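Structure, as structure tokens:
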Amino acid sequence: MFLEFKQQVTLILNDAMESLGYGKDDLNLEPSQHADIASRVAFRLASKLKQNPKDIAEKIAKTVAIPNDSYLDSVEAVGPYLNVRANRRYLDETVSRIRHETDGFGGGFCEGKIIIEHTSANPNGPLHVGHIRNSVIGDTLTRILKRVGYNVEIHYYVNDMGRQIAIVSWALSQFEFDTSKKPDHAIADVYIRANAELEAHPEKVAEVERLMQLVESGDDKTIERFDRAVGFAVTGIRKTLLHMNVVHDKFVNESDFVRSGAVSRIVNEIRSTGLTKIDNGALVVNLQDYGFEKSLVVQRSDGTSLYTTRDIAYHEWKGEQAERVIDILGADHKLISGQLKAILNAIGKNEPEIVIFEFVSLPEGSMSTRRGKFITADELFEQVEEQAFVEVEKRRPEMPDKFKKEVAAIVGIGAVRYDIVKVSPEKSTVFNWKEALDFEKQGAPFIQYSHARACSILAKAKDEGLWNPATTVDPSVLLEDSEVALIKKMAQFDNLLDQSARELKPHIFAIYARELADSFNQFYRFVPVISAEDETDRNSRLALVDCARIVLANALDTLGIGAPESM
RNA sequence: GGUCCCGUGGCUUAGCCAGGAUAUAGCACCGGGCUUCUAACCCGGGGGUCGAGGGUUCAAAUCCCUCCGGGAUCGCCA
């Protein structure tokens, strides 16, 4: 809704500027506390025309012609600013569109295919609290992109043949595998033991290297052993992801690209760029033209491939199937992803768009699967849900255990997801149990509660025979400040969704969702709905509550957070 | 040592890329609000040299430089 308004503002202001002889220009439109949208274009024109910005703004405001069928009410010059206000039609149309379009409201304005890859943690153990930052950012971005209209395919790239997996495979032959545990946790146990063993007895490293060579050369027995190891970990990882509402369309194995011959073909393509040379038996690429000082190894001296090389083949394949390829990667991949893009560019392939997030560490230092220093996602969920159960018990003691457990799960996972997604990815964070288990802050439960509150009002009104969702209502009687503010906030949905999608920044939308809940709560406190004396008011307010319910549910869905009807 | 990211009230954080109207919100703190649609809520208050110092500009949290602090990374790991 806001996107249309913004577009109209752009056209109307540009028309005025053209008729004044200023020509079209970037309007520097920005949200403002003084208007529904404001333009700083007068500053820009001032330096260009060597005139007073205040005078320019005034001239534009005077010249502006607002068509009758637009969503604009007025364009006013306040000093050098142009403040634009939306009219009543804008508000009324917002309400009726939400009721009409329901879960499609505010989306569906882009098209094309995108392949997004996220999580892709090595199958050498369970997901830890650092990995799920990747999952939450990736999954939320996926939901945002889907909602704006893209056809999104979600990939998990499974490292099923690297050194780590060779160590896991070797470990399974050395140590007992605890089948009573969740398989990814049991894999971590043997992996950690194996690493300690290899450190104590470096001569055994050769056995691991032997496995890597065998798997690369296509030895069936070894491949089977690797697959078994990977299978255990991936099964557990998928379960964890599902628990947090994260699903992937495809689990793509690295080894596929070796066995299909794609990797050796890519190596030849890289060779043909003339950027390569042999250094100590390894094949290296010179990427100085792309700003990388050091060259990159794309083939080991023993002829086996590396993660990087297999990843190039994978990206070539992805690039052939979609207009856009997006990867969510941790800060440790900053350099390598730049090199990956450079090589793809050098061989004339589509480059991916990379979203980097900074690390999550523990108070005692960085996490490490190898050293067994990590907090698993499963452990976090268990603790959080336990704490959420306590909170539900406090508030709804009369409800059955089943209800409390369900709500605790929805609230717990929601809280974890929201806490992760609300902060911008470039901030590194330190995991803190106290904070993770704190439900008193305005996070997911706050938004979920607003949704439940809206549902509860509607349910009660229905019970009392006061509400029929099919009723035609008159939104123009919604004149209270908090009503207008709520409608305007809901109208912003498409704008924030669009911005998050364009900038690949899910935290922008997460913050909007909280503000939306805030607007609804303020309306709830100030304006009586069921007890409104006037029937027209009551019906319109019930419709407004229904709108809030719909938009809050859409927002929660976009964040991958459950929207309980009662909590 | 080189490169990249971050540094905003006691704590967490938005805004920075595209410089402009009193710097955003939460937690914590202080005060007020449940006989009224679920108080996981709402209203009000105190608290900020936007890491430090220079520069550019009519205007800098935002752009440039230097420094300090934290994180990441720097060929045969992924």
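Note that this is a predicted model, so its numbers are computed, not measured. Because only heavy atoms are used, hydrogens play no part in the values below, and waters and symmetry mates are left out as well, while side chains stay in. To find a chain, count down the sequence lines: A is the first, B the second, and so on, and within it residues start at 1.
- Under a cutoff of 6.0 Å and an axis angle of 45°, A/R453 and A/Y524 form a cation-pi pair.
- Figure legend. B/U49 is base-paired to no nucleotide; pairs are counted as Watson-Crick or G-U wobble with both atom distances under 3.5 Å.
- For A/N521 and B/A40, a side-chain-to-base donor-acceptor distance below 3.5 Å is absent, hydrogens and geometry of angles not being considered.
- In this structure B/U22 sits in no base pair that meets the Watson-Crick or G-U test at under 3.5 Å.
- B/A25 and B/G69 are spaced 34 Å apart, taking the P atom of each and rounding to whole Å.
- Stacking here means ring centres nearer than 5.5 Å and ring planes tilted less than 30 degrees, and by that measure A/F43 stacks onto B/G20.
- Listed pair A/R453 / B/U38 fails the phosphate criterion, with no side-chain N or O lying under 4.0 Å from OP1 or OP2.
- When heavy atoms are screened at a 4.0 angstrom cut-off, A/Q448 is found touching no nucleic acid atom at all.
- At the heavy-atom level, A/A46 lies nowhere under 4.0 Å from the strands shown.
- In this structure, the side chain of A/R396 does not engage the main chain of A/K404 through any donor-acceptor pair within 3.5 Å.
- Regarding contacts with the backbone of B/A78, every side-chain N or O of A/Y307 stays at 4.0 angstrom or more from both OP1 and OP2.
- B/G55: glycosidic angle beyond 90° from 0, hence anti.
- Judged by distance alone with a 3.5 Å cut-off, a donor-acceptor contact links the side chain of A/K334 to the base of B/C4.
- Residues A/D327 and A/H315 have side chains that bring a donor and an acceptor to within less than 3.5 angstrom of each other.
- Taking atom P in both B/U66 and B/U3, the straight-line distance is 9 Å, to the nearest Å.
- With a 3.5 Å ceiling on both atom-pair distances, the Watson-Crick or G-U wobble partner of B/U73 is B/G2.
- Stacking of A/Y81 onto the six-membered ring of B/A21 is present: less than 5.5 angstrom between centres, less than 30° between planes.
- Interface remark: the A/S32 side chain does form a donor-acceptor pair with the B/A21 base, using a distance-only criterion of under 3.5 Å.
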Practice problem: Determine, stepwise, if the pair A/D463 / A/K460 fulfils salt bridge (Lys or Arg N to Asp or Glu O under 4.0 Å). | Solution: CA-CA 5 Å; A/D463 275 357; A/K460 180 159 187 186; over 6 Å; no
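- Between A/R395 and A/E391, at least one side-chain N (NZ, or NE/NH1/NH2) sits under 4.0 Å from a carboxylate O, which counts as a salt bridge.
- Within 4.0 Å (heavy atoms only), A/A461 reaches no atom of the nucleic acid at all.
- Residue A/R44 has no polar side-chain atom (N or O) positioned under 4.0 Å from OP1 or OP2 of B/A18.
- In terms of polar N and O atoms assigned as donor or acceptor, the side chain of A/E503 comes within less than 3.5 Å of the base of B/A18 in a complementary pairing.
- Of all nucleotides present, only B/C68 satisfies the Watson-Crick or G-U wobble test against B/G7, with each distance under 3.5 Å.
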